[in-house]
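Letters go in sequence order (proteins before strands), and every chain restarts at 1.
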Protein chains: 2
Amino acid sequence: MPENERGARARTRQAILSAAIDVLGQNPAAALSEIAAAAEVGRTTLHRYFPERSDLLRAVAAEGSSRLDRATASAKLSEGSGADALLRLCREYFDLGSLLSLIFTDPDCLGGATPILDDGCDDRFTAMIDRGHRDGTIDIALPAPWLSSLMWSQLYAGWSYVSQQGASRHEVLELVVRTVDGAVAPRAVS
Amino acid sequence: MPENERGARARTRQAILSAAIDVLGQNPAAALSEIAAAAEVGRTTLHRYFPERSDLLRAVAAEGSSRLDRATASAKLSEGSGADALLRLCREYFDLGSLLSLIFTDPDCLGGATPILDDGCDDRFTAMIDRGHRDGTIDIALPAPWLSSLMWSQLYAGWSYVSQQGASRHEVLELVVRTVDGAVAPRAVS
DNA sequence: CTGAAGTGGAACACCTCCGTTCCACTAGAG
DNA sequence: CTCTAGTGGAACGGAGGTGTTCCACTTCAG
């Protein structure tokens with residue numbers, strides 16, 4: 001879609017997209033006028049870039065998938081132990097910010113690339129968990145799809161904690177990492 | 001509200017309330033016609049019991065708070081170690097079923113009794129966590145509000161896992177308990 | 001200055017949902 | 001049977017969101 005757009009057009013387009021991610025993350029049923037206001041743009045202008053609501057949603061899905069893919073790539077899931085890779089992924093995803101809310105509250109918004117409720121959607125994720133099962137850093141009793149749900153729910157909880165209470169991003173990220181780490185670690189033999 | 005209602009009236013009223021919890025949990029912006037259809041009731045009948053949408057939402061809040069209180073009482077938070085009490089609470093809350101979705105996706109729906117994003121809303125909960133901190137069964141580094149967020153997000157993740165995939169309630173509950181337990185346990189001294 | 005690009009406001013028709021009214025139907029009590 | 005409670009359908013006006021059109025304004029390149 002963003003073919004041959006530069007300068008003002010590209011900037012406005014990006015502002016609308018970012019505003020849409022923020023607003024729709026708070027309320028997936030938000031009116032277009034709210035999104036336009038958040039982007040500090042007239043509703044007319046919004047319609048110029050995205051004629052119909054569905055056009056905007058498609059673009060949001062594309063933008064979200066792109067940010068998600070970049071974060072996934074940064075985590076280098078194939079390096080280190082399985083648990084280390086999972087925690088790296090948590091740290092990268094946490095930086096997605098308000099996109100976390102959108103992905104979590106509207107799992108269908110990313111179209112086919114829905115990362116949450118999928119029986120093992122992402123091959124890289126599943127491979128990472130399998131590696132953790134083998135190298136003993138992830139409890140064998142916890143299947144990959146559940147760990148995906150676990151991770152996303154904790155990321156969302158952490159992000160809500162930051163954005164609704166005035167908590168520090170870094171402190172909360174450490175809480176998330178701490179609890180995910182504890183959750184996946186194999187039990188001590190009792 | 002449910003003053004002097006018996007027989008058919010009480011039954012219809014309850015059917016509408018349960019349907020509302022189910023439907024609103026899936027989509028907080030659902031139309032009244034959807035709720036009426038889910039309750040197998042005409043929209044006219046729904047309006048007879050709850051003249052305005054806000055009336056229905058108030059009744060849902062009351063019903064939800066009531067179920068929540070019953071579950072909390074059943075967990076006997078003041079008995080046993082802090083961690084044991086927390087896990088008992090998870091088991092009781094898990095039985096709330098679709099109410100979990102409603103509470104999680106629309107935290108304001110329960111009015112003042114919002115259990116999730118509150119800096120230590122519930123005294124019994126905070127007391128339980130404090131006890132766990134003292135008796136060494138809950139990691140001292142994890143504050144009560146975060147553990148509340150943690151628990152609710154895991155319960156919601158578990159319930160979604162059950163209702164969207166065909167997973168077994170009991171198996172998923174054990175996964176939730178397993179991961180919450182691991183998350184709150186104090187770290188081994190390394 | 002002139003023209004083009006980008007923008008925002010106002011107004012409109014359309015649709016959906018909401019709340020209301022009215023009427024017809026059914027089941028059960030007497 | 002008759003009367004009543006409970007119900008559901010049809011229809012309407014109002015409110016809000018959507019998509020569209022038209023026009024006035026600003027900015028910037030030439």
- In whole angstrom, give the distance that lies between atom CG of B:L32 and atom C1' of C:dT16. 12 Å
- Query: What is the distance from CD of A:E34 to P of D:dG17, rounded to the nearest Å?
  - Reply: 8 Å
- Atom-pair distance (CG on A:L57; P on D:dT18), nearest Å: 10 Å
- Task: Tell me what B:E40 touches on the nucleic acid: a base, only sugar-phosphate, or nothing, going by heavy atoms under 4.0 Å.
- Result: sugar-phosphate
- Message: Using the side-chain heavy atoms of A:V41, tell me which of these nucleotides is nearest: C:dG19, D:dG9, C:dG8.
- Response: C:dG8
- Message: For the backbone of A:D122 and the side chain of A:T126, can you confirm whether one donor and one acceptor N or O come within less than 3.5 Å of each other?
- Response: yes
- Task: Go through D:dT21, C:dC22, C:dG19 for me and flag the one nearest to the B:T44 side chain.
- Result: C:dC22
- Item | Proximity to the side chain of A:T45 - top-ranked nucleotide from C:dG6, D:dT18, C:dG8 | C:dG8
- Message: If I take atom CZ in residue B:R11 and atom P in nucleotide C:dA27, what distance separates them, rounded to the nearest angstrom?
- Response: 14 Å
- Message: Nearest 0.5 angstrom please: B:R53 CZ to B:R58 CZ, how far?
- Response: 13.0 Å
- Note on the structure: Here the distance between atom C1' of D:dA15 and atom CD of B:E52, to the nearest Å, is 13 Å
- Item | Euclidean distance, atom CZ of residue A:R48 to atom C1' of C:dA4 [Å, nearest integer] | 14 Å
- Among D:dT18, C:dC18, D:dG6, the one nearest A:A31 by side-chain distance: D:dT18
- Task: Answer yes or no: are there more than 12 heavy-atom neighbours, outside A:E92 itself, under 6.0 Å from its atom CD?
- Result: yes
- According to a strict under-4.0 Å criterion, is B:T12 in side-chain N/O contact with OP1 or OP2 of D:dT7? yes
- Task: Answer yes or no: does atom CD of B:E174 have more than 12 heavy-atom neighbours from other residues, nucleotides or ligands under 6.0 Å?
- Result: yes
- Between D:dG17 (P) and A:N27 (CG): distance, integer Å: 11 Å
- Does B:D181 come within less than 4.0 Å of B:R178, counting only side-chain N to carboxylate O? no
- State which of C:dG19, C:dT7, D:dT18 makes the closest approach to the side chain of A:R9. C:dT7
- Nearest of D:dT7, C:dC17, C:dT21 to any side-chain atom of B:Y49? D:dT7
- Message: What's B:R43 touching, base or sugar-phosphate or nothing? Going by heavy atoms closer than 4.0 Å.
- Response: base
- Tell me: CG of B:D55 to P of C:dT20, nearest whole Å? 9 Å
